[in-house]
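These numbers were taken from a predicted model, which means no experiment stands behind them.
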Amino acid sequence: MRLYLVRHGARWTAKILICPPDTQRPLTPKGMKKTHAAALGLFALGVKPDAILTSPWLRAAQTAEIFCQVMGFSSSKIVRTDALKGTSAPAELLRELTKMKSKEVMCFGHEPHLHLVIGQILHTSARITELKKAGVACLGLERISPPHGQLFALYPPKTLRLLPSNRSAS
C-alpha cells in the first residue's frame, strides 16, 4: 500500500477572543489558499488515491475536502475516522488500514500523531519529521500488521506550492 499522511492546513488559534474548541477550529482563509496550492502540487506529481480517510476534527476534514476537489475525488467518499484524531494511538490507524483493499490511501490528521505513525511504520522512536501544515509524507507499506515499510518522500507545503501546476495557475 502507498500511504500519504497529510497534516491539516493552518487553522484559527486560541489567541482570538471568540474561539471554538480545538476540535472545531476551522482553517483560516490563508490556510485554505495555501492548502489548495499544496494539493495542486501533489496532484501535479500524479497522486491519485483510491481511498481518503480523515480525522473528524474540522480543520482536517476541510483539508481533505480541498485535496478531494483538486484531485477529482468525490468528497462523499471521504471516510471520517477517530483513528486519525490528534489524541489517537498510531495502532488505531494501522488497524483501520488492515481493513482496506486500496492500493493508495491518503490520510488527513494532526501532529504529533502523524509523526508517531511514521515512527511506528519505520520502527523508530526518533523524531524523523514533524509535518508542516499541509505537508505530506509518502510511505510504502510492505506489511501493515505488524507494520513495516519505508519512507518514500517528504513534501513540505512550500515545495508543493512551487510545482508547475501552481505557477501556471497564478
Side-chain angles (χ1 to χ4, degrees), residues 1-13 20 22-86 88 90 93 96-97 100-118 121 128-141 149-170:
M1 175 185 289
R2 173 112 359 141
L3 180 64
Y4 296 92
L5 298 175
V6 185
R7 185 177 180 192
H8 63 79
R11 62 167 169 81
W12 291 103
T13 64
D22 189 39
T23 60
Q24 293 302 311
R25 289 191 194 148
L27 297 177
T28 64
K30 187 176 181 180
M32 287 181 191
K33 184 178 178 181
K34 286 185 171 187
T35 296
H36 187 267
L40 284 171
L42 198 62
F43 184 67
L45 293 173
V47 174
K48 294 185 182 183
D50 307 309
I52 292 185
L53 305 175
T54 187
S55 160
W57 295 4
L58 182 58
R59 60 191 175 268
Q62 288 178 316
T63 302
E65 288 170 6
I66 291 168
F67 272 75
C68 284
Q69 179 187 34
V70 167
M71 296 181 168
F73 189 94
S74 173
S75 61
S76 66
K77 293 182 180 178
I78 296 173
V79 176
R80 292 176 191 248
T81 176
D82 288 347
L84 280 161
K85 290 191 315 190
S88 299
L93 176 59
E96 188 86 19
L97 294 174
M100 303 184 75
K101 304 275 189 243
S102 303
K103 298 281 186 215
E104 282 196 41
V105 178
M106 190 170 282
C107 296
F108 294 84
H110 314 271
E111 282 294 346
H113 179 253
L114 294 176
H115 94 260
L116 295 173
V117 171
I118 293 168
I121 292 168
I128 294 172
T129 182
E130 180 176 320
L131 294 174
K132 298 289 183 193
K133 291 182 174 98
V136 181
C138 175
L139 296 108
L141 282 171
Q150 57 186 310
L151 180 64
F152 288 153
L154 288 174
Y155 300 110
K158 227 178 215 181
T159 302
L160 290 171
R161 293 192 305 262
L162 292 173
L163 292 175
S165 67
N166 285 305
R167 288 194 300 248
S168 62
S170 302

Problem - Steps toward side chain to side chain contact (heavy atoms under 4.5 Å, CB included) verdict (L163, L42) - result: CA-CA 8 Å; L163 292 175; L42 198 62; over 6 Å; no

Practice task
Find out whether I52 and F67 are in side-chain contact, i.e. whether some heavy atom of one side chain is under 4.5 Å from a heavy atom of the other.
Solution key: no

Completion exercise
To the nearest 0.5 Å, atom CG of L40 lies from atom OG1 of T35 at 11.0 Å

Practice task
Nearest 0.5 Å please: distance from the CE atom of M1 over to the CE atom of M100.
Solution key: 6.0 Å

Exercise for the section: Let me see the working for H8 and K133 under side chain to side chain contact (heavy atoms under 4.5 Å, CB included), right down to the final yes or no. Expected result: CA-CA 6 Å; H8 63 79; K133 291 182 174 98; 4.0 Å; yes

Practice task
Evaluate the criterion side chain to side chain contact (heavy atoms under 4.5 Å, CB included) for residue pair H115 and L131; output intermediate values, then yes/no.
Solution key: CA-CA 7 Å; H115 94 260; L131 294 174; over 6 Å; no

Problem - Closest approach of F73 to I78 (non-hydrogen atoms, all atoms of both residues) - result: CE2-N, 4.5 Å

Practice task
Kindly say whether R59 contributes a backbone atom to a donor-acceptor pair with the side chain of T63 at under 3.5 angstrom?
Solution key: yes

Completion exercise
Taking every heavy atom of F152 against every heavy atom of L139, the minimum-distance pair comes out as CD1-C, 4.0 Å

Handout entry: Minimum side-chain heavy-atom gap V6-L114 below 4.5 Å
Key = no

Problem - Interatomic spacing from CG in L45 to SG in C138 - rounded to 0.5 Å - result: 9.5 Å

Exercise for the section: Determine, stepwise, if the pair V105 / D50 fulfils side chain to side chain contact (heavy atoms under 4.5 Å, CB included). Expected result: CA-CA 6 Å; V105 178; D50 307 309; 6.0 Å; no

Completion exercise
Between the NZ atom in K33 and the CZ atom in R161, the distance rounded to the nearest 0.5 Å is 10.5 Å

Handout entry: Main-chain N/O of A83 paired with E96 side-chain donor or acceptor, under 3.5 Å
Key = no

Handout entry: Student check: side-chain heavy atoms of S88 and H113 closer than 4.5 Å
Key = yes

Handout entry: Listed partners of E65 passing salt bridge (charged side-chain N to carboxylate O under 4.0 Å, His left out), at least two apart
Key = R80

Handout entry: Minimum side-chain heavy-atom gap V136-L5 below 4.5 Å
Key = no

Problem - Atom pair NE2 (H36) and CD (Q69), whose distance is rounded to the nearest 0.5 Å - result: 5.0 Å

Exercise for the section: Check whether any side-chain N or O of T54 sits under 3.5 Å from a backbone N or O of A64 as a donor-acceptor pair, and report yes or no. Expected result: no

Handout entry: P56 vs K85 side-chain heavy atoms within contact, under 4.5 Å
Key = yes

Problem - Validation row: V47, M71 side chains within 4.5 angstrom (heavy atoms) - result: yes

Handout entry: Any donor-acceptor N or O pair under 3.5 Å, side chains S55, H110
Key = yes

Practice task
Heavy atoms only: give me the nearest A134-P157 pair and the separation to one decimal.
Solution key: O-CB, 3.8 Å

Handout entry: T23 side chain reached by L58 side chain, heavy atoms, under 4.5 Å
Key = no

Exercise for the section: Give, for atom CG of D82 and atom CG of L84, the distance between the pair rounded to the nearest 0.5 Å. Expected result: 9.5 Å

Practice task
Using a 4.5 Å cut-off on heavy atoms from C-beta on, say whether the side chain of F108 contacts that of L53.
Solution key: no

